[in-house]
Every structure is written in structure tokens, then in C-alpha cells.
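To keep things clear, I will list the structure first and then write my remarks on it.
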Amino acid sequence: MSRPMKLRFAPSPTGFLHVGGARTAIFNLLHARRHGGIMALRIEDTDVERSKQHHADQILASLKWLGCEWDEGPIYQSDRLDRYRERVEELVSKGLAYRCYCSVDDLEAERRAAEEKGEAFRYPGRCRTRTDEPAGQPSAVRIKVPPEAIEFDDLIRGHVRFEAEQIDDFVLLRSDGNPTYHLSVVVDDVDMGITHVARGDDHLSNTPKHVVLFRAFGVEPPTFAHLPLILGSDKKRLSKRTGATSTEEYQKMGILPQALFNFLMLLGWAPGGDREIISRDDATAIFDLSDVNKSAAVFDAEKLAWVNGQYLMAMSAAEIHPHLAEFLPEAPVLDAKLEKLLELYKIRSRTLVELAAQVRDYYISDTAVTYEDEAVKKHLKGDDLATRMRDLRETLAGDAAFTIESTEAAVRALGEAKGLGAGKYIHPLRVALVGRVSSPPIFDVAVGLGRNSTLARLDELIRRIDAGNLAPQVL
RNA sequence: GGCGCAUUCGUCUAGGGGUCUAGGACGUCGCCCUCUCACGGCGGUAACACGGGUUCGAAUCCCGUAUGCGCUACCA
């Protein structure tokens with residue numbers, strides 16, 4: 001019998017989609033797509049206290065944004081509580097699980113006592129052989145763990161072995177009737193026909209418990225693949241202290257979904273051939289969970305920014321625009337002007353936020369340009385500044401063609417005629433047009449801005465020089 | 001504490017006994033291009049955690065140590 005390959009991503013709706021979770025989803029998806037398998041989505045919301053519907057919605061939205069689609073689900077575990085109880089009853093009636101009447105407080109006290117003695121506490125199985133059923137007393141259900149070592153072959157870690165003593169009779173059903181994670185996970189993986197479980201490394205130690213449960217249900221456990229964790233720059237599990245942890249934050253920082261996807265994919269996996277930028281489709285053709293690295297990787301936001309820049313550079317203005325819209329409400333429509341600007345600025349930006357900030361200069365009023373201090377100090381100096389700017393204004397105004405070539409030729413000719421370097425005109429012009437020390441080639445800027453705005457901004461500079469005040473007056 | 005897992009440049013990685021005086025990428029530094037900034041090009045810096053084995057030969061295999069991380073719940 002060969003079941004179809006099926007993988008799943010199973011987040012808990014206790015917060016936004018963590019980048020570690022996003023990577024897990026990506027690896028699951030790539031593996032499924034590579035091998036023609038099915039990708040399922042399951043929301044693990046059995047922790048009633050912490051699970052929130054708006055978090056689940058948020059996670060779903062982030063997955064879609066990232067381009068991680070799924071074929072099945074989402075299935076909510078909270079809809080399946082009866083099923084979990086049913087399967088537990090089955091185990092109890094078969095003698096594979098039993099009711100435990102030990103109180104949580106007592107167990108807690110025992111645990112503390114063991115801890116003080118420096119010993120590991122494991123449930124001793126007191127209720128295993130109990131035959132009475134104290135009426136009116138709450139009971140949990142524990143599984144009867146067979147006294148044998150558990151071994152399995154992990155796609156990433158290789159052969160892993162846990163001794164029998166390491167696994168105690170863990171709880172399946174809480175005394176309030178709710179399933180524990182271990183129970184719901186295994187029941188669902190069985191019911192859904194999951195063949196491959198790729199999840200975070202933090203679950204490796206839980207896996208023997210799951211194997212015990214699969215066997216109790218008479219099912220062959222799926223193939224496991226435990227992904228190494230993503231670390232922060234402090235080498236500890238990525239946390240808010242060391243950087244943004246949710247995909248949403250990266251979206252807000254102006255990271256493109258395909259860039260995040262690409263970057264996350266590179267954490268623990270390499271496409272070979274010294275490639276760094278690789279499309280999802282190309283990755284799908286060669287990805288395999290067994291090629292994923294064993295060791296944890298540090299999340300390097302610098303490299304993410306570089307990857308994002310690579311994507312921006314390779315995209316056309318039309319491709320960028322939809323992503324840019326939310327960052328640049330000033331320019332909701334992609335017209336010829338914006339298209340030109342995006343072409344000029346995409347290679348100068350690593351994020352959509354940076355891109356928007358630069359392009360925005362072209363959408364403000366011509367009298368509202370602010371000059372950077374550094375720009376003023378470096379380029380708006382010299383006794384002849386006002387004269388140079390008037391000459392420059394006149395020269396540009398006289399250029400009927402107003403193309404990149406014609407404006408450049410005109411300004412360079414002006415410099416020569418006055419016996420001055422072209423820089424004496426070019427640098428102040430840059431300040432007049434965008435207020436910054438740097439910009440795309442200045443004649444591209446002038447043409448991108450258009451003849452009217454170029455002249456208006458020069459007029460404004462001249463006005464400010466005459467007024468002896470270089471700050472914008474109207475706001 | 002117990003158990004599990006991991007350990008190649010600052011970071012992501014290639015490498016799976018000889019081709020490694022260890023390759024690529026990000027970052028960083030220098031040079032070139034140049035109206036500035038980017039882009040691009042060229043070049044530099046920088047790593048096999050440590051100690052034992054196995055072997056003619058080890059980054060690659062084995063053992064130990066150290067360090068880090070994870071789990072150790074009627075959380076997931």
C-alpha cells in the first residue's frame with residue numbers, strides 16, 4: 001500500500017506567524033510540491049487560554065502573503081474535541097491507556113521534591129493498575145507507555161534513540177476533558193493521513209511520545225524531519241530582543257514576500273551551484289527535506305535586505321508597483337513619471353520603505369523641498385552661488401528639448417563658457433531638486449521631475465538664497 | 001540535574017578520506033567606473049571548537065571534552 005505523500009503545517013494561533021514557523025511552512029510546501037504531495041494546514045488551538053481566532057486569521061493572511069498556499073484545510077482542532085475523546089476511550093477500553101486520579105497539586109509537589117534532590121521527575125504510573133473508580137473525582141487519562149526504547153529515522157537528524165526510562169506515562173486527556181497537544185497531534189496526523197512531519201527541532205524530544213501513540217493506534221508513524229531552529233544575533237532562539245520575529249513586521253519594513261521566502265529558504269538549505277537568489281519554482285524542482293542542515297542558523301537581517309534589493313532590482317516597475325502602493329499613497333497610479341522613477345530608484349533601494357521615501361520627493365510641492373544639512377554645507381556655498389543658479393536656470397529654461405542628453409550638454413557648455421567645472425552647477429542643482437547629497441544621475445532626475453518642476457525648484461532655491469534662508473517656508 | 005541535538009570565515013553556507021595552501025554569498029576594507037549615491041567590475045580580510053584515535057592520508061569516520069541550543073507540564 002502506498003499512501004499519497006501528505007505534509008502539513010500546524011501553527012498554534014497564539015501570536016503572529018513567526019519567521020521560524022514561516023520557514024517550516026515553506027519547507028513543508030517545497031517538499032510536498034517537489035514530490036507531488038499534498039499540503040495541509042491545521043490550526044492547533046487546543047490551548048483555550050492562549051489561542052485566539054484573530055491570531056489564526058492573521059497567520060492565514062501571512063501565509064497567503066508569503067505565497068504558501070495549501071491544498072487542504074485549515075482544520076481547527078477545537079472542532080474535533082469529540083474525536084479526540086472518542087479515540088482516548090478506545091485506548092482505555094483496549095487497556096492501552098488508563099484513568100489517573102492523582103491531583104495536579106500532588107504531582108506538582110512531587111516534581112518539586114524530585115527537582116530539589118536533583119532528580120528527574122517522571123510519573124511513576126501509580127494509577128496504572130488501579131481498579132476502583134472514585135466517584136465524583138476528576139480524572140485525566142494517561143497512556144501506558146511500553147517498556148521499550150524508541151528509535152526512529154529522522155530525515156534531517158538521522159537515527160535517533162530514546163531509552164524507555166525517558167518516557168513516562170504522559171497525559172492524553174486533561175481532567176477537564178480537553179486533549180493535550182500530544183494526543184491531538186497524533187490523532188489528527190492519523191486521521192489526515194499525514195506521511196511526513198516536518199516541524200521545529202523543539203519537538204524532537206516529544207517525538208518518542210508520538211511514536212508510542214501512533215503504535216497504540218496501530219499505525220505506522222510518519223517520517224519525521226526536525227528542522228533546526230532559527231536563532232537571533234545573540235545565538236539564542238530568535239526573540240523580539242534581537243530582531244523582528246513576525247512575518248508581518250518584515251512586511252511592514254518593506255520586504256517583498258518572494259524575497260522573504262527566498263531568504264528563509266536559504267536558512268539551513270542551499271540550492272547548490274553557489275546560487276543565492278532562486279525562485280520558488282526553481283527551488284521546488286530540487287528541494288528535499290533530507291538536504292536540510294542539522295545546525296541552527298542565525299537570522300541575518302542584513303542579508304535579507306540584500307536579497308530584497310536583488311528582487312527589487314530584477315523587477316519591472318509594473319511588478320513593483322502593487323507592492324509599493326501601501327507605502328506610497330501619494331502615487332496610487334503607475335503613470336509614465338512613476339515608472340521612470342521606479343526604474344531610477346529600484347537599484348538604489350533595499351526595501352519598499354526606502355524606495356517610497358526616495359520617490360516621495362517627486363510628489364511634494366516644488367516649494368516644499370527640504371535641504372539636508374550636509375547638502376547645504378557641501379554644495380550651497382560660494383559668493384557666486386546666486387549668479388550660478390540664475391545662469392543655470394536660464395540655461396535649462398532655454399533647453400526646449402529637455403532630454404537627458406540635451407540638459408547635460410547645456411549645463412556642461414555653461415560650465416565651460418563660465419570657466420567653471422560642471423560640478424559647480426550639478427551639485428547645487430541636485431540640492432535644489434531633491435534636497436539630498438545623492439540621487440540618481442542628475443539629468444535623469446531633472447527629466448523625471450519634468451521641465452516645470454525642475455525650473456520651479458530652481459526658482460525656489462534662488463528665492464531662498466535671496467531671502468538668506470534655505471529652509472522651506474511654506475508647509 | 002537527566003535526555004536529545006548541534007559545532008567550517010562576524011553571519012548564511014559548499015564540502016560527504018586525497019582535487020582544501022578550504023569554494024561562494026552577506027557584511028566589511030581598498031581600487032576602478034563616475035555629476036553624487038547606488039549598480040557593476042576587480043582585489044583584500046576572515047573559518048574546519050578542543051583532545052585523542054582509525055588510516056599511507058581527515059574539515060570529512062569513531063570516542064571523549066568544551067560550548068551552545070532544545071525538551072524535561074493535565075503549554076504547544
Side-chain angles (χ1 to χ4, degrees), chain A residues 10-14 44-47 49-51 77 100 102-104 107-108 111 114-115 117-123 138-142 154 156-158 160-163 165-168 170-182 184-185 200-208 226 228-229 231 233 235-237 263 266-270 272-277 293-307 309 313 344-350 358 375 378-379 408 411-412 421-427 429-431 436-443 445:
Chain A
S12 299
T14 53
E44 309 215 323
D45 57 351
T46 51
D47 182 340
E49 291 287 300
R50 297 193 299 153
S51 297
Q77 293 193 319
C100 171
C102 299
S103 83
V104 176
L107 290 172
E108 188 50 41
R111 175 169 301 112
E115 225 165 79
K117 282 194 286 181
E119 291 167 8
F121 173 78
R122 286 189 189 82
Y123 182 67
S139 68
V141 177
R142 290 181 184 271
D154 189 285
I156 296 172
R157 304 347 262 230
V160 186
R161 177 190 168 97
F162 290 85
E163 298 303 329
E165 311 80 66
Q166 293 306 315
I167 315 156
D168 67 355
F170 57 96
V171 171
L172 300 178
L173 205 62
R174 290 188 260 264
S175 46
D176 65 2
N178 283 315
T180 60
Y181 160 73
H182 304 300
S184 54
V185 132
D201 198 311
D202 45 342
H203 289 293
L204 188 58
S205 305
N206 290 324
T207 306
H226 285 93
L229 261 23
L231 274 24
S233 48
K235 300 266 192 166
K236 294 216 164 58
R237 197 176 181 145
F263 173 74
L266 256 25
L267 254 31
W269 182 75
D274 291 334
R275 274 195 295 177
E276 304 284 335
I277 302 301
N293 273 169
K294 292 177 173 56
S295 52
V298 173
F299 189 100
D300 181 3
E302 279 296 315
K303 184 152 182 179
L304 203 213
W306 173 77
V307 170
M313 247 185 277
L344 285 176
Y345 279 101
K346 67 182 190 184
I347 62 165
R348 270 166 262 263
S349 311
R350 299 204 304 176
Q358 300 184 87
K378 260 173 123 165
H379 303 303
E408 173 156 16
V411 171
R412 289 197 185 280
K424 290 283 184 199
Y425 296 95
I426 285 172
H427 296 301
L429 175 59
R430 189 184 327 279
V431 181
R436 302 174 190 267
V437 285
S438 67
S439 80
I442 194 60
F443 303 105
V445 169

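The structure presented is a predicted model; accordingly, all values stated were derived computationally and were not measured. Just so it is clear, the values below take in all heavy atoms, side chains as well, and ignore hydrogens, waters and symmetry mates. Chain naming here is simple, since letters A, B, ... match the order of the sequence lines and numbering starts at 1 in each.
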Between protein and nucleotides 43-50 of chain B, what N or O pairs are separated by less than 3.5 Å?
none

For nucleotides 19-24 of chain B, tabulate all protein N/O to nucleotide N/O atom pairs closer than 3.5 Å, reporting atom names and distance.
| residue | atom | partner | partner atom | Å |
| --- | --- | --- | --- | --- |
| G24(B) | O4' | Asp274(A) | OD2 | 3.4 |
| G24(B) | N2 | Glu276(A) | OE2 | 3.2 |

Pick out the pairs of N or O atoms, protein on one side and nucleotides 3-9 of chain B on the other, that lie under 3.5 Å.
| residue | atom | partner | partner atom | Å |
| --- | --- | --- | --- | --- |
| C3(B) | O4' | Gln166(A) | OE1 | 3.2 |
| C5(B) | O2' | Arg157(A) | NH2 | 2.5 |

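Nucleic acid contact for Cys102(A): base, since at least one base atom lies under 4.0 Å from a heavy atom of the residue. As judged by a 4.0 angstrom heavy-atom cut-off over every strand, Pro11(A) is placed among residues making no nucleic acid contact.
Rounding to whole angstrom units, CG of residue Leu267(A) and C1' of U11(B) are separated by 10 Å. Rounded to whole Å, the distance from CE on Met313(A) to P on G40(B) is 5 Å. One can place NZ of Lys424(A) at 13 Å from C1' of C35(B), the figure rounded to the nearest angstrom. Rounded to whole angstrom, the span from the NE2 atom of His427(A) across to the P atom of C35(B) amounts to 9 Å. The distance from atom OH of Tyr181(A) to atom P of C71(B) is 11 Å, rounded to the nearest whole Å. A38(B) atom P lies 14 Å from atom CZ of Arg436(A), rounded to whole Å. Distance, Leu229(A) CG to U11(B) C1': 17 Å, rounded to whole Å.
Here U19(B) sits opposite no nucleotide as a Watson-Crick or G-U wobble pair (both hydrogen-bonding atom distances under 3.5 Å).
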- Contact string for nucleotides 28-34 of chain B, one letter per nucleotide 5' to 3', B = base within protein heavy-atom range under 4.0 Å, S = sugar-phosphate only, - = neither, reads -------
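With U11(B), A14(B), C37(B) as the choices, the nucleotide that has an atom nearest any side-chain atom of Ala270(A) turns out to be A14(B). Checked against C71(B), G10(B), A73(B), the side chain of Arg111(A) finds its nearest nucleotide in A73(B). Side chain of Asp300(A), nearest nucleotide from C71(B), A76(B), U11(B): U11(B). Out of U11(B), C71(B), C12(B), the shortest distance to the side chain of Asp202(A) is found at C71(B). With C35(B), G70(B), U36(B) as the candidates, the nucleotide lying closest to the side chain of Ile426(A) is C35(B). When distances are taken from the side chain of Lys235(A) to each of C74(B), U36(B), U11(B), the shortest belongs to U11(B). Comparing atom distances between the Trp306(A) side chain and each of C26(B), C12(B), C35(B) picks out C26(B) as nearest.
For Lys235(A), there are no salt bridge (Lys or Arg N to Asp or Glu O under 4.0 Å) partners at least two apart in sequence or on another chain. With sequence neighbours excluded, no residue forms a ring-ring contact (aromatic ring centres under 6.0 Å, His included) with Phe162(A).
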- Do Val160(A) and Thr207(A) pass the side chain to side chain contact (heavy atoms under 4.5 Å, CB included) test, and can you show the C-alpha distance, the side-chain angles, and the key distance before you say yes or no? CA-CA 10 Å; Val160(A) 186; Thr207(A) 306; over 6 Å; no
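Taking the P atom of each, U60(B) and G53(B) are spaced 15 Å apart, rounded to whole Å. Here the separation of U8(B) from A49(B), taken at their P atoms, is 6 Å to the nearest Å.
Looking at which nucleotide of RNA chain B each of Ala140(A) and Lys236(A) is closest to, the 5′-most match is held by Lys236(A). In terms of position along RNA chain B, the nucleotide closest to Ser439(A) lies nearer the 5' end than the nucleotide closest to the other residue of the pair Ser439(A) and Phe121(A).
Residue-environment remark: NZ (Lys424(A)) stays at or below the threshold of 12 foreign heavy atoms within 6.0 Å.
Between the side chain of Ser184(A) and the backbone N or O of Tyr181(A), at least one donor-acceptor pair lies under 3.5 Å.
A distance of 8.0 Å separates CD of Gln77(A) from OG of Ser12(A), quoted to the nearest 0.5 Å.
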